[in-house]
Structures are given as C-alpha cells and as structure tokens.
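Notes for the one structure printed next.
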Amino acid sequence: MDNITIARLLDETAALLEIDAADPFRIRSYRRAAEAIEQQTTQLSTLIADTKQLLAIPGIGKAMAANIVDLVNTGTMPLRDELLTKYKPTMLELLRLPGMGPKTVALIWSSLQVADIDALEEAAKAGHLNKLPRMGEKFTTKLLKGIEDHRKNSSRFRIDQAQDHAERISELIRAFPGIETITPAGSLRRGRETVGDLDLLVTGPACEPDVVAAAVEHVATLPLIDKLLAKGQNKVSFTLRNNLQVDVRLLPRASYGAALQYFTGSKMHNVALRQRAIKRGLTLSEYALLRLEDNKIIAAASEEEIYNALDLDYIPPELRENCGELEAAAAHTLPKLITLADIRGDLHMHTEATDGRDTIRQMAEAAIARGLAYIAITDHSKNLAMTNGLDDARALAHIKRIREVDAEMQGRIRVLPGIEVDILAEGQLDLDDSTLAQMDIVVASVHSRFDQPIEQMTDRILRAIENPHTRILGHPTGRKVLKREAYAVHIDTILKRAAELGVAVEHNASPARSDLNDLNLRLAKQHGCKIVVDTDAHATEELDQMRYGITQLRRAWLTKDDILNTQPTAEALLSQLRPKP
DNA sequence: GCCGTTTTCGGCCCGACTGTTTTCAGTCG
C-alpha cells in the first residue's frame, strides 16, 4: 500500500468520523496525519517494522502508527471497519456536493436512508427533503444544480494530478531497457485544465516492431495497474485505482512524430490539418505524412517535419484547437508565446504567519533557486480567521519583518511587502487604508460565499477595486458554482472596470485555484487589462506550480509583453502597477 | 487523536454568511 492510499483511507475515516459526530479534534488529527503522510518521500510500508520512524513524523502518534501498521498489513483498520458498518462509503461522495456537510449527510441517512447521489436526487425531486429541518425550496434547488455540476466534472482529472500520474508511470516504464522517450499526448500536452484520460507515447529501440512484445509485456504488468483493459501489439490500456484511464502506445522512432501529432489533437485541429494535406496531394495519418500518388513518406519522425511539409510553422501543442492557429502558422504570424523563463517575479504567496508552511526567508530562497528576481509576500488579512489572518497591528509588524528579510537578501532578490486583503460583503476591505498604504502589493480577493447572487458578487468586487489601495484583483471570478452565462457577464464587467482603473488582474497559476481560464485571459487582454500570473504558494515547492499558469497563458496566445511580472526588476514591475494614492 | 509538558491532562486556527430561523445550526474557507 502506497502513501497516497494510506492518506486517502485516513482522510475517508476522518470524514466518516465527522458524519458520526465524533470529537472534532480527533477528526482533525486524522486529517493532519493524512496530510503529513502525503508529504513523506519514503514509503511508510517500508517503515512499519520500526514504529519509531513512524512516530517521528509530526502528527503521527501511537494510535495513528498502529492504524498505519494495520492498513499496510490488512488493507483496512478496526475504526474504519466499525464506521463502515454504520455508514455507507458512498456518503463520502455526498460530502463533495455544495451545501452538504457531515450533519446533513447524517440527517438524511438517519431519516430517509439516503446514502448516495442518485437516491439523494430522487429524494430531492420527490420533495422528501423539504420535510426535514432547515431544508426548504432554495436548498433543494441549489442541491440539484450541485448534483448536475458534480456529474459533469467528476469524470475528469485536474492537469497537475494527471501530470503527477504521467510522471510516476513514465518512470516505471523507463526502467525497461531500450526505452528512450515517453511523452504525454492528448489534452495533457495541450495544457487543458482537466484531462479525461492519459495518453502516453513511448519510443526507443525496444519499440521497434520485431522486439516490441517484451516492452508491451513490461507495461502490461506495471504494479500500479488496477484493471488491465486491453493489451495489443503495441498498445496497453489500463486504469489506476482512482479510475484514471491510461493508454500507452509503443511506437517505432521512424513514425514517432506522426503519432505524437495525431494523439495530441485536438480532434478539430487534426481534421483541419488533414484537409490541408489532401489539398496538397498528401495524406496524414498516425503513421506518416504520405504523398498520395506513390505512397512516398514525406515526413514522420518529428512534428516539425510534418508541419513544415504542409507549409506551416511549427504549432505549439497549446494552440492546437483549430482556433486560427493553422492560418497564423501559414502566414508566419504565430505569436512568440510566453515561457516559464520569462517570468521574473511571483507576487502572491503565504508564509507561516498565516496559513503558509514556510518562512519569509525560506520563500525568498526558494524563489532565488527558481531564478526569480523579486517576490511579494501576501499573507491573509484578519477576516480569514481560519488562516490566522493578520489584523492591522500584526500586518504592520509583518511587513517590518518582510523589509528586514529584503535587506538581509542583499540584492540577491527583492522581497516586497504585501497583503492578500479580504473583500467583505459590502465591498469594503477588511484592513485600514493606513495599513494598506504601507504595502507595495495589495491583492484584494473574495473568499467567502462564492454562491451569492451574481449581481451582488459583481457589485462587491467592483467596489473593492474602486479602493485606490487595491493594486491587484485576486481570483477575480466566483469559481465553480456560477452559471456559465451569468459568469460571462460578470467577468466581462469586472475586467472592463479593472482595465479602466489600472487594477491588475491575477491569473492564479495553481490548478487547484485557477479561475481565469484561457477564454477569460483572452478577454482580459482584449479589454486591455494588466495581467499578473502568480502561484498563491503556501509552501516553497508550490512555487513550481507557475508552469501550469504559463500553460494557460500560452493557450490564450499570450506573449511576454502581455504579463506584468515579466518585468526584469521589482522597480520596473511596480511602475507598471496602478500608482499608489 | 496529537502534543507538550509545570508528567497526566488541557489545548488544539475561528469568523462570515445562509437559510429558515424568530435566536441559530450548519457550511465554508
């Protein structure tokens, strides 16, 4: 049993304890243990012989160590088994629905014996929920919409999770001698925010037709396979325990480029590309670009050759959506897309002062290691009480400390004092203007209640950016729960006003938090918004999430010039932001 | 359940917002 599984089982146990109305602190310790285990680099299953090493992990005590030993040895543990006799595992899925917490799940179970989403939907539609306390018309409406959204999204995986799986699987495949290159294709390569399944293209001497069988066998017996779906001559399909489907194709080097092109898609891009080939007396398949009259191979080994043979510049995968990229490639007018190396600073991150894990100094050192020239420390303000948010006095003390660290860095990096201030219900910020005046970077963000009416939400944000201290609007959209059509109006209004005021809008690079998708980014550019891309890192390693933000920027056809934090120095960056009052 | 002790139990991030209340429980971040 690997660490991820152990963590998941402990987390599930925590959720079941919540439904069981157990001691909240006991629940939290299960959650904390799960988080700690996820962070471990060594597999706990190799440590169970010596519990001392388990106990050395913060958050793991005697009882939790025993749980881990049980999990590794038996696949389950007594507390979990006991809870599962009282409750159903499908209840855990109910907890993911908006508005459904442990109390509500427990209530509908005890009163209606409803334990899964289908039954809940039925009960809601039949009006059974309305008989329960505190569940009226509005609750039911919201719940049914939540169920609908949940069904739509639950079958896709976030890009960072898919990327992690791709890397893990690639490592195992690469252990086979004679395998040289493994490239994820499909929507992962195109940088979509979510992917439906994973396509891995593999090549090397071991993938040549006469010897490929052994490599196929190696892939088909990988230890992390849950269900083997298919095993062909050069293709293996399987699912992981989390239901992610993986298709691995082993291809000879001669046709690798054609296969990569074909499996990267998108479908519409490929259709348009093949039409272009036919007009030129050629035919494009997953094996090669051929001349129709004599089947002569024109190009196959690399994507560049294929595009060039079709009189096109090379098209980066992020642009392959048949949205004008073929025309631009033919006219040699493709934009020079932004790259990770263009980013010189990160303007949104948290430290241990609030809900971050590391110190100001550690964040600064980590940023230096990633080649950045400047960062802003933007911890939470007091309204986010759960994060230990800073009140005015603590915020002022904090920026004093930030300035000290800035001086200590002796020019190796600039560390700017900042704050992520919370936008209250009426649109006012939750710290004094005199405090905000001390900050170089003021990121104003809405945190609570993303499900309020769209007009109210828009109004709230518009008022917040009228405040002259607001320099960056953090996660400007009410993510997840807003209806598409309402959302479009909402974001349009906000981006327009931000552009007028010179308030920069944030593109949160972290896939978990990102809410400006490529469409919104394009819209922001159209409106003339200043755009900042940042990680909202809560720990040093999260600074690496910048790469996902860059992918989204590339999908929106953005270049270095479109993004503020490509400015070479902190001073240059600050001069691009809205002037301080 | 974990931790840190003044070694044996008390403390452990908490405030805003919503719905359906008629004074608050539940959810969320």
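Each chain gets a letter, A, B and so on, in the order the sequences are listed, and its residues count up from 1.
- Rounded to whole angstrom, the span from the CG atom of A:L107 across to the C1' atom of B:dA25 amounts to 12 Å.
- Inspection of the A:Q362 and A:T540 side chains reveals no N or O donor paired with an N or O acceptor under 3.5 Å.
- Contact check, A:R134 against B:dG19: no side-chain N or O comes under 4.0 Å of OP1 or OP2.
- A 6.0 Å sphere centred on NZ of A:K400 holds no more than 12 heavy atoms belonging to other residues, nucleotides or ligands.
- Closest contact between the side chain of A:A63 and the listed nucleotides B:dC2, B:dG19, B:dG15 involves B:dC2.
- Residues A:M386 and A:L95 each lie close to DNA chain B; by heavy-atom proximity, the contact nearer the 5' end of the strand is made by A:M386.
- For A:H527, the side chain to side chain donor-acceptor pair (under 3.5 Å) partners are A:D492, not counting sequence neighbours.
- We find that CG of A:D391 is positioned 12 Å from P of B:dG15, with the value rounded to whole Å.
- The salt bridge (Lys or Arg N to Asp or Glu O under 4.0 Å) test with A:E18 is passed by exactly one of A:K103, A:R28, A:R31: A:R31.
- When distances run from any side-chain atom of A:T104 to the nucleotides B:dG26, B:dC14, B:dC2, the shortest one goes to B:dG26.
- When the C1' atom is compared between B:dC17 and B:dT21, the two are found 14 Å apart, to the nearest whole Å.
- Comparing atom distances between the A:K103 side chain and each of B:dG26, B:dC17, B:dG1 picks out B:dG26 as nearest.
- Relative orientation of the A:H380 and A:H350 rings is parallel, given thresholds of 30° and 60° on the angle between their planes.
- Here B:dT27 presents its P atom at 8 Å from CE of A:M100, a figure rounded to the nearest Å.
- Residue contacts for A:M64: at a heavy-atom cut-off of 4.0 Å it reaches the sugar-phosphate backbone alone, with no base atom in range.
- Using P as the reference atom, B:dG11 and B:dT6 are 16 Å apart when rounded to the nearest Å.
- DNA chain B forms stems at B:1-4 with B:9-12, B:14-19 with B:24-29, each a run of 3 or more consecutive Watson-Crick or G-U wobble pairs whose two key distances fall under 3.5 Å.
- Straight-line distance between the C1' atoms of B:dG19 and B:dC12: roughly 30 Å, to the nearest whole Å.
- Nucleotides B:dC9 and B:dC14 place their P atoms 24 Å apart, quoted to the nearest Å.
- The minimum heavy-atom distance linking A:I57 with A:A36 is given by the pair CG2-CB, 4.1 Å.
- Put simply, CD on A:E18 is 10 Å from C1' on B:dT27, counting in whole angstrom units.
- Rounded to an integer number of Å, the gap from CG of A:D430 to P of B:dG29 is 17 Å.
- Using modelled atom types, one finds no donor on one side chain facing an acceptor on the other under 3.5 Å when comparing A:D430 with A:N383.
- Taking atom P on both nucleotides, B:dT20 is separated from B:dA16 by 22 Å, rounded to a whole Å.
- The two atoms that bring A:A33 and A:G59 nearest to each other are CB-O, 3.9 Å, heavy atoms only.
- Each of A:L79 and A:T140 has a nearest nucleotide on DNA chain B; the 5'-most of these lies closest to A:L79.
- Open room surrounds CD on A:E122; 12 or fewer heavy atoms of other groups in view lie less than 6.0 Å from it.
- B:dC13 and B:dG29 have their C1' atoms separated by 12 Å, given to the nearest Å.
- Checking B:dC13, B:dG1, B:dG15 against the side-chain heavy atoms of A:A385 singles out B:dG15 as nearest.
- Protein atom CG of A:L143 is 16 Å distant from nucleotide atom C1' of B:dT20, rounded to whole Å.
- Within 4.0 Å (heavy atoms only), A:P102 reaches sugar-phosphate atoms of the nucleic acid but no base atom.
- B:dG1 atom P lies 18 Å from atom CD of A:E35, rounded to whole Å.
- At whole-Å resolution of the value, CG in A:D355 and C1' in B:dG29 are 10 Å apart.
- Remark: the A:D379 side chain and the A:T351 side chain contain an N/O donor-acceptor pair separated by less than 3.5 Å.
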Pairwise N/O distances under 3.5 Å, protein to nucleotides 3-12 of chain B:
unit_1 : atom_1 : unit_2 : atom_2 : d
B:dC3  : OP1    : A:G59  : N      : 2.9

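- Checking A:R401 against A:H398 by side-chain atom types alone, no donor-acceptor pair falls below 3.5 Å.
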